[in-house]
Trainee: 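Have a look at this one.
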Protein chains: 2
Amino acid sequence: MAALGKVDAPGSRREPLDRARVVGAAVALADDKGVTGVTMRAVAGSLGVEAMSLYNHVRGRDDLLDGMVDAVFAEIELPTGEADWQDAMRRRADSARAVLRRHPWAVGLLDSRSAPGQATLRHHDAVLGALRAGGFSVAGAARAFSVIDSYLYGFVLQEVSLPFRSSAELNEVAGGILSGLDADQYPHLVEVTTEHALQPGYDYADEFDVGISLILGALQPDDLP
Amino acid sequence: MAALGKVDAPGSRREPLDRARVVGAAVALADDKGVTGVTMRAVAGSLGVEAMSLYNHVRGRDDLLDGMVDAVFAEIELPTGEADWQDAMRRRADSARAVLRRHPWAVGLLDSRSAPGQATLRHHDAVLGALRAGGFSVAGAARAFSVIDSYLYGFVLQEVSLPFRSSAELNEVAGGILSGLDADQYPHLVEVTTEHALQPGYDYADEFDVGISLILGALQPDDLP
DNA sequence: TGACGCTGCTTACACTGTAAGCCTACGGTA
DNA sequence: TACCGTAGGCTTACAGTGTAAGCAGCGTCA
C-alpha cells in the first residue's frame, strides 16, 4: 500500500534535520498554537517528516521543551557590562519581557523545566557579572538578581494570562466582566476597573516600567551585605 | 461480564459527588503527583467513581483546573483591613507563598486560566481594599498590587522550580551542577554558587523576605499619583 | 401509580507519547 | 568496482488521554 522507504526526488535532497531545526519548528508552532499544540506529530509534520524521526535529535518531548526554553533565553539581549548597572538591568529586563511576550508559552514552562541549557547559563552568568561590575557583593548580586527576575517573571506571568492583548480588547473584556460583577460584593474591584483600567489611555503594559523603576531605585550595592 | 448499572450495598449509600468534592480530590492528587497526574480517570478513581461521572459536576478538564486554582486562592489568608497596610501586605504575601508552596502546581496554572472564580475575586478585592484603606489612590493601589503580586508569583515560580526542597538537597544538587560547570565559561555563576549558595545556613527561601521588605519599603501611598 | 430528572456507568473514538524494528542512502574501505 | 556499517529516516503498535453518546437505577413529585 504505502511505498516502503520513501525515496526523494533525486535532484532535491531533503534538508537534513538537526536539533536546532526541530527546536525551531517547535517554537514556531508554540507561538502559533500554544504549548498544547506542540505534539510530536505536529512538529514533525511542520518539518515534512514523521513523528519518530524527531527522536533522532531530541530525547523526547521533555527534552524538546527544555530546548525550547533555552532557545527563548538565547533571544534575550545580554547586558554588556560596560553601562551603568541600573541601565543594564533595565535594558535586560525590557528585552526579556519583549521576548517572553513574543513567546507567551515560555513563562508557563519555566517551572517544571529543571535542566538549564547553555543559553540559560550564559544569560544568568552575564546578569550576575553586570551586577558584580556595578559594585554588588556576591550575596548582593544574588539577591538583586532574585528580586529583579522574580518581578520580571511574575509580571509577565500575569501579563500573558490576561485575556486580551490590546486596549480595545481590554475595554470589551473588562466591560463584560464588569457586568457580571456585583458592586456590593467586590466594591474595590469594580472601583479599580471603572476608574482606572477603563480610563482612556490605560495600558497595563506601562505598569512594568513603574515597578522596575521602583525596584531598581530601591536596590543599592551598599544595602546588601 | 461487568454488572450493568452497579447496585450499591443498600445499607451504605454512596456519598454523592459534588463540585467541591471533585475539585478537592483533584487538588489532593495534584499535590501528590503533580498536575500531569490529574487525569479524569485518576481523579474519578480516587473518589471510587468512573471518569465520566465527573462531567456531571465539572464542564471538563479545563473547568476542573479553573476550580483547582480557585480552591487554592480560597486558602490564602485575606487581609483584614484593620492593620497597618504594610503589615497586612506582608502577612498576605507570606500566606500566599505558604499556600503556593503547599500546592506547587498552582503557579504554573496561573497563566492559561482566564476565568477567575469567586475566591479569586474575593481575594483580589480584599487586597485592593487594604491598600485603599492604607491611603493609596485607586491607581496607586492598582500599581502596588501589581508590583507586590508580580514579585510574589515570580519568586514562587522560581522557588518551586528549583530541583530541591531542603538545603541538604541543595548542597547535593548544586555540587552536581557545579561539577558540570566550567569556571572559565561561567565565572560568576560558579562564584555565586560556591561563595554564596553553598555556604552553611544558606536558604533561598530567606530571600523572599529581603525582596518583600525592599518593595514594601519603596512603596508609599504618596509616590503614586 | 407513573413520569421525570439526576447521577453514575459503559462504550467508543480520536489523539497523545514513544518503544521496537525495518529500509534506504551515504561514506569509507578492499 | 563491489561491499558493508551506520545514520537517519519510516512503519507499526500500544497504553493512556479527554470526552461525546447513550443506558440504568434511584428519589421526588403529580
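Predicted model only: the values in this text are computed from it and were never measured. Lettering of chains follows the sequences in order, A, B, ..., and the numbering in each one begins at 1.
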Trainee: Whole angstroms only, please: what is the CG-P distance between B/L17 and C/dC9?
Mentor: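 The distance from CG of B/L17 to P of C/dC9 comes to 9 Å, rounded to the nearest Å.
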Trainee: How long is the line joining NZ of B/K33 and P of D/dG16, in whole Å?
Mentor: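 From B/K33 NZ to D/dG16 P: 14 Å.
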Trainee: Of the listed nucleotides (C/dT11, C/dT16, C/dT18), which one gets closest to any side-chain atom of A/M52?
Mentor: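 Taking heavy atoms from C-beta onward, the closest nucleotide is C/dT18.
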Trainee: Below 4.0 angstrom, N of the basic side chain to O of the carboxylate: do A/R92 and A/D149 qualify?
Mentor: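 Counted as a salt bridge, because a side-chain N and a carboxylate O are separated by less than 4.0 Å.
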Trainee: Whether A/R41 and A/E50 form a salt bridge (side-chain N of Lys/Arg under 4.0 Å from carboxylate O of Asp/Glu) is what I want to check.
Mentor: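 The answer is no: the pair does not qualify as a salt bridge.
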Trainee: Under 3.5 Å, sequence neighbours excluded: what are the donor-acceptor pairs made by side chains of residues 189-199 of chain A?
Mentor:
unit_1 : atom_1 : unit_2 : atom_2 : d
A/E191 : OE1    : B/R132 : NE     : 2.9
A/E191 : OE2    : B/R132 : NH2    : 3.0
A/T193 : OG1    : A/L189 : O      : 2.6
A/T194 : OG1    : A/V190 : O      : 2.9
A/T194 : OG1    : A/E191 : O      : 3.3
A/Q199 : NE2    : A/T194 : O      : 3.0

Trainee: For the pair made of CZ in B/R19 and C1' in C/dT7, what is the distance, rounded to whole Å?
Mentor: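 Rounding to the nearest Å, CZ of B/R19 and C1' of C/dT7 are 17 Å apart.
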Trainee: Specify the separation, in whole Å, of atom CD of B/E50 and atom P of C/dA12.
Mentor: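 Between P of C/dA12 and CD of B/E50: 15 Å.
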Trainee: For B/D62 and D/dT17, give me the distance from atom CG to atom P, rounded to whole Å.
Mentor: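 Value for this atom pair: 17 Å.
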Trainee: Under 3.5 Å, is there any donor-acceptor pair linking the side chain of B/R41 to the base of D/dG16?
Mentor: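 Such a pair does not exist between side chain and base.
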Trainee: Using a 4.0 Å cut-off on heavy atoms, which residues in residues 53-61 of chain A reach DNA chain C? List them by number, or say none.
Mentor: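 DNA chain C contact set from residues 53-61 of chain A: A/Y55, A/G60, A/R61.
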Trainee: Could you check whether A/E207 pairs with B/R143 (Lys NZ or Arg NE/NH1/NH2 to Asp/Glu carboxylate O, under 4.0 Å)?
Mentor: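 Answer for the salt bridge query: yes.
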Trainee: Over all strands shown, is A/V38 touching base, sugar-phosphate only, or nothing at heavy-atom distances under 4.0 angstrom?
Mentor: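 It contacts sugar-phosphate atoms only.
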Trainee: Is it true that A/R122 and A/D70 have a side-chain N and a carboxylate O under 4.0 angstrom from each other?
Mentor: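 Judged by the 4.0 Å cut-off on N to carboxylate O distance, A/R122 and A/D70 do not form a salt bridge.
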Trainee: Regarding A/Y153 and B/S150, is there a side-chain donor-to-acceptor distance under 3.5 Å anywhere?
Mentor: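 B/S150 and A/Y153 do not have a side-chain donor-acceptor pair below 3.5 Å.
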Trainee: Using whole Å, report how far CG of B/L47 lies from P of C/dC9.
Mentor: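 The answer, rounded to whole Å, is 10 Å.
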